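Worksheet: the structure to be examined is printed underneath.
Values in this document were obtained by computation on a predicted structure and should not be read as measured data. Just follow the structure's listing: the first ligand is 1, and inside any ligand the first atom is 1.
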Amino acid sequence: MHNDRLNKLRSQMAARKIDAVLVTYMPNVFYLSGFTGSTAAVVVTEESSYILVDPRYSIQAREECKGTEVRDYTSGPTISAAGKLINELKPTTCGFEAGDLTVASHRLLRRTVDERIKLRSTSGLVERLRAVKDSHEIELIRRACEIVDNTFTTITREIRPGLREKDVALTIDFTMRKLGADEVGFETIAATGANSACPHHSPTNAILQFGDLLKMDYGATLDHYNADITRTICLGKPDDKQREIYQIVLDAQIRAIEAIAPGKTGREIDAVARDYITSKGYGENFGHSLGHALGIEVHDGPAFSKSSDIVLEPGMVTTVEPGIYIEGWGGIRIEDDVLVTDTGYEILTSATKEFIGI
Ligand SMILES: [Mn+2]
């Protein structure tokens, strides 16, 4: 598995005439080596790969990184150790992740690495490999999706007017952990009443009132892969306006999902939902992009937005999450996780999208 990934990276390196790459962004380190600790760096060459760890991780790295040679360093920053290893390997050109290194770390790297070795940014190189998931990754995302689906079924039995947003978030987090999540993927959003008009609202002491909306956006992490779901429900019987907006968001979401297929661009899929919402008069109330890639990170890379040039390929996993937000009234968002298949798409989350009134 890791060997396949390293070989894909090597063919990208060869195409760019780069004979070594220093990988410092931890999700990329994990992807290429399997290392789950907090600090390390990977160096990949045409023939070998190395992981640099400090004494906290010496044993763990040897257990986790079977295809990668573990090198221990005991003093100084990881970047100095990486620089010394690069000098030993003597590449002509070494890539580094400009999107991850601080200016200070880059200066240190340049000072440490022999001046005859060229350093060239390879930002985004590993991320592009990560965009297409292998079967092992898809299986883990599927299992994380089952957890968020089952969480929704469980919590809708427990939510009632009188609870605080914070109680809802706590119940969601507790339920995900009980159902097998290793951790929550991000701070759970539970937003009721007018608060639901903020797409990324942090739970407060606001009390769930009869007749109000409740928007919940939460994610589960399982074996380092993520699921991400949003459902909006009503605390009581939805009124006409709530029903109207809910139906527009749902129809926009379904249309966008049904348009997903290999070869389509991120911009095209975003436009399907956006144009539909605009045709119903709420274009100004859908400010964010339609969805993001999902994987080792919750925001695993770009997917669907007004400016996305991404061309869909089988194995990509993305969210599809249109919303309509009206200041003072509230907001409705519906989010599912979708796998791009050879012929189209498969929806990985299956919690009901019926407009529930509790
Ligand atoms: Mn999301």
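A side-chain N or O of Ser202 and one of Glu187 form a donor-acceptor pair less than 3.5 Å apart. Side-chain contact check for Asn205 and Glu165: no donor-acceptor pair (N or O, by modelled atom type) lies under 3.5 Å. Side-chain contact, Ser58 with Asp72: a donor N or O sits under 3.5 Å from an acceptor N or O.
Taking a cut-off of 2.8 Å, the protein N, O or S atoms nearer than that to the Mn ion (ligand 1) are Asp228 OD2, His292 NE2, Glu321 OE2, Glu335 OE2.
Salt bridge Glu69/Arg71: present, at least one basic N to carboxylate O contact under 4.0 Å.
The aromatic ring centroids of His292 and Phe304 lie 6.0 Å or more from each other.
Aromatic ring pairs are classed by plane angle as parallel below 30°, tilted from 30° to 60° and perpendicular above 60°; the pair Tyr246 and Phe355 is parallel.
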